[in-house]
Amino acid sequence: MTPAIGFDELHDELRGCRRCLEEGYWIAPGPVFSRGAGAGLMLIGQAPGPTEAIVKRPFNAGSGKRLFKWLAEAGWDEAEFRATAYMTAITKCYPGRSDSGKGDRVATPFEQALCRPWLEQELRLVNPRLLILVGGLAIKLLYPATMRLDEIIGTAAYFPPEVADPLNFDLSQAKIVASGEWRVAGEEAKPVTRHSPLATRHGRFVVPLPHPSGASLWPNKPENQVLISRAMALLREIREIER
Ligand code: SF4
């Protein structure tokens, strides 16, 4: 693959991908992703579930209901979000049920690595101004595995234009932003508004969200629901900045 190809060519190649099967992993072949018409908004999940694999629509079932309930707090309705966003995943084919029978199998690091070149091609083409990472595997693109969700959810990472390359996942080059203020070490906290000089420099925001599947109990805890609401307030502010 070359970085210069367009969406249509990339998607034609991607739909034919069987790398994981060829390496001996069980997957339901047929990657799941969707491309909205808008520019600059991208969501990366973990992997599709069984119904997503059939209808080829990301976040089609229960996880999607919860995700879009959250995003409604940020001012998006589902149809608008789907029409605008590029939605994809760390691994794009359904990985099957877990051996324990509880939930779906988590794709191995090797499978994630097999799928990574597709993700990098997508990132280059979309070049997101706002990237939403949903679930642990996606969050680990940027955040160390040692960071807890309650340290991350409710904040965003802002990459200034000079380091806003879509493949830059070096957290040390980002400023950590919380709803309503910049929280940058050594700098005075400033309100985030559309008139903020930071907001007009066309960098890249990355906002992490927990996985919305019912298999995760984390979002059910009241203290974590507060963090999710903070994340939605932040997304609403970023949308305002980006208008
Ligand atoms: S998960 Fe990714 S790398 Fe594996 S077969 Fe599907 S598209 Fe290819």
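Note that these values count all heavy atoms, side chains included, but never hydrogens, waters or copies made by symmetry. Indexing begins at 1, ligand by ligand and atom by atom, following the structure's order. The shown structure was predicted, so the numbers you read here are calculated from the model rather than taken from an experiment.
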Problem - Main-chain N/O of Pro29 paired with Arg18 side-chain donor or acceptor, under 3.5 Å - result: no

Exercise for the section: For the pair Arg204 (side chain) and Phe159 (backbone), establish whether a donor and an acceptor sit closer than 3.5 Å, ignoring hydrogens and angles. Expected result: no

Handout entry: Side-chain cluster (under 4.5 Å, hydrophobic types only) that Ile54 belongs to, other residues
Key = Val55

Exercise for the section: If a pair satisfies side-chain hydrogen bond (donor to acceptor under 3.5 Å, both in side chains) and one of its residues is in residues 207-225, list it, with sequence neighbours excluded. Expected result: Arg66-Asn220

Exercise for the section: Only counting residues at least two apart or in another chain, list the ones meeting salt bridge (charged side-chain N to carboxylate O under 4.0 Å, His left out) with Arg230. Expected result: none

Practice task
Everything protein-side that's N, O or S and under 2.8 Å from atom 2 (Fe) of ligand 1: list it, residue and atom.
Solution key: Cys115 SG

Problem - Cation-pi geometry met for Arg105 and Trp26 (6.0 Å, 45°) - result: no

